[in-house]
Trainee: 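Handing you a structure now.
Each ligand, and each atom within it, is numbered from 1 in the order the structure gives. If you read the sequence from its start, that first residue is 1, and numbering goes on from there.
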Amino acid sequence: MSKQLILALSKGRILDETLPLLAEAGITPAEDLRASRKLLFDTNMPGVKLVVIRATDVPTYVQLGAADVGIAGKDVLLEHGAEGLYEPIDLEIARCRLMTAGVQGVEPARARLRVATKFVNVARRYYAAQGIQAEVIKLYGAMELAPMMNLADEIVDIVDTGNTLRANGMEPRELIAPISTRLVVNQAAMTMKHERIKPLLEGMRAAVARRRAA
Ligand code: PRT
Ligand code: MG
């Protein structure tokens, strides 16, 4: 097998849960990812390399074929669009929910809602589908601050325990989508590198199934 295989991993919280799954599928980085400032890593498997990048860049790398396989949150895939990517495995890690949220006890405005979020595409689609006219404002972080500062009426953000919302006087409202981490594959690579990708998919599926059974 001559062709090399490049896996794009999301850095941050997803990485910590991805590495044990990859190890169970037989792939371990040749060096400690967190102790290094490098971005491209060899692994124990000849011809298999890892890149560790911003989660939001993972779908782009895989879509354009710079990476063959990627691991990213469904929230990131929904926002990107992830057109032309296969999404064969739900890794069932880093689970959370994409939700709308607003200030506790305040009736949600129903006309010309201002919504702050980093998920602008998801938000536009969601409110349009609800028949709600919304002005979507792009933020890069700390969405919870926006209603408090009178920048927005609602936010669209990731919710896990809801503690972050509550600590900022907000409440979760509508569920947009349940989220977990997905393994995605470039469509051309799925065909051209099938003999390399197939055992990886089988290994990852088996690892996920073992977790579920445990
Ligand atoms: O830092 P950067 O801008 O690069 O991205 P990031 O901070 O979003 O990355 P990171 O490392 O936090 O990982 C994000 C990915 O993990 C998301 O794309 C999700 O798929 C997944 N995930 C799972 C979460 C959470 N759980 C989560 N709780 N991502 C973010 N959160 C944050 C959320 O944004 C909010 O601030 O945690 C807070 C909510 O948690 P609770 O428990 O207070 O409700
Ligand atoms: Mg972060």
Side-chain angles (χ1 to χ4, degrees), residues 7-22 29 32-41 50-63 67 69-82 85 87-104 115-126 136-149 151-152 154-185 204 207-208 211-212:
L7 313 190
L9 309 186
S10 297
K11 63 181 175 193
R13 77 178 74 206
I14 287 179
L15 187 62
D16 299 332
E17 295 191 62
T18 299
L19 291 176
L21 278 174
L22 271 182
D32 183 351
L33 300 185
R34 269 150 306 209
S36 173
R37 308 196 67 145
K38 291 205 314 197
L39 303 169
L40 180 61
F41 298 88
L50 306 176
V51 283
V52 181
I53 55 181
R54 284 290 290 261
T56 44
D57 291 335
V58 167
T60 306
Y61 269 67
V62 179
Q63 192 175 48
V69 173
I71 292 180
K74 184 66 180 176
D75 52 319
V76 168
L77 297 171
L78 286 171
E79 180 62 17
H80 178 276
L85 295 189
E87 193 188 301
I89 308 180
D90 182 346
L91 298 178
E92 301 177 11
I93 57 174
R95 285 180 185 282
C96 52
R97 286 158 292 156
L98 250 179
M99 299 195 71
T100 70
V103 177
Q104 280 167 14
V115 180
T117 185
K118 64 176 173 183
F119 301 99
V120 290
N121 296 321
V122 170
R124 285 201 188 98
R125 255 183 276 142
Y126 173 77
V136 176
I137 302 157
K138 168 86 183 188
L139 289 181
Y140 292 86
M143 269 73 80
E144 308 80 24
L145 203 54
M148 220 188 302
M149 302 304 289
L151 185 66
E154 287 197 348
I155 65 171
V156 167
D157 198 5
I158 284 169
V159 181
D160 180 17
T161 60
N163 289 338
T164 305
L165 290 178
R166 276 189 293 279
N168 291 288
M170 300 189 68
E171 61 192 8
R173 286 183 182 161
E174 304 298 326
L175 175 69
I176 299 177
I179 301 298
S180 56
T181 303
R182 309 300 165 90
L183 182 148
V184 292
V185 182
M204 293 296 269
V208 172
R211 295 285 173 81
R212 207 186 296 133

Trainee: Touching ligand 1 at all, K74? Heavy atoms, strictly under 4.0 Å?
Mentor: no

Trainee: Report yes if some N/O of G162 lies less than 3.5 Å from some N/O of ligand 1; otherwise report no.
Mentor: yes

Trainee: Output the list of atoms in ligand 1 that are nearer than 4.0 Å to some heavy atom of G73, sorted by atom number.
Mentor: 20 (O)

Trainee: Atoms of ligand 1 less than 4.0 Å from V159 heavy atoms?
Mentor: 44 (O)

Trainee: Indicate the atoms forming the closest heavy-atom contact of L21 with M204, along with that distance.
Mentor: O-SD, 3.7 Å

Trainee: With D16, which residues qualify under salt bridge (Lys or Arg N to Asp or Glu O under 4.0 Å), at least two apart?
Mentor: R34

Trainee: Is any side-chain heavy atom of L139 less than 4.5 Å from a side-chain heavy atom of L151?
Mentor: yes

Trainee: Any Lys/Arg nitrogen of K118 or E79 sitting under 4.0 Å from an Asp/Glu carboxylate oxygen of the other?
Mentor: no

Trainee: Between A72 and V58, what is the shortest heavy-atom contact and its length?
Mentor: CB-CG1, 3.9 Å

Trainee: Short list, please: which atoms of ligand 1 are under 4.0 Å from a heavy atom of R54?
Mentor: 3 (O), 4 (O)

Trainee: Pull out every atom of ligand 1 sitting under 4.0 Å from any heavy atom of E144, numbered as shown with elements.
Mentor: 36 (O)

Trainee: State the atoms of ligand 1, each with its element, that fall below the 4.0 Å cut-off from a heavy-atom position in T164.
Mentor: 38 (C), 39 (C), 40 (O), 41 (P), 43 (O)

Trainee: Please identify which atoms of ligand 1 are closer than 4.0 Å to at least one heavy atom of I179.
Mentor: 20 (O)

Trainee: Are the side chain of T181 and the backbone N or O of I93 linked by a donor-acceptor pair below 3.5 Å?
Mentor: yes

Trainee: So which of L9, L22, I71 actually passes side chain to side chain contact (heavy atoms under 4.5 Å, CB included) with L15?
Mentor: L9

Trainee: Are any of the side-chain nitrogens in R211 or E92 under 4.0 Å away from the carboxylate oxygens of its partner?
Mentor: no

Trainee: As an exercise, identify every atom of ligand 1 less than 4.0 angstrom from a heavy atom of G12.
Mentor: 11 (O)

Trainee: Out of I93, D16, T161, L165, indicate the one that has the non-hydrogen atom closest to atom 41 (P) of ligand 1.
Mentor: T161

Trainee: Between T181 and ligand 1, which residue portion shows a heavy-atom distance shorter than 4.0 Å: side chain, backbone, both, or neither?
Mentor: neither

Trainee: For atom 13 (O) of ligand 1, which candidate among R13, R95, K11 provides the closest heavy atom?
Mentor: R13

Trainee: Check if K118 has a non-hydrogen atom at a distance under 4.0 Å from any atom of ligand 1.
Mentor: yes

Trainee: What are the atoms of ligand 1, with element, lying closer than 4.0 Å to any heavy atom of D75?
Mentor: 17 (C), 18 (O), 19 (C), 20 (O)

Trainee: Would you say Y61 has more than 12 foreign heavy atoms packed within less than 6.0 Å of its OH?
Mentor: no

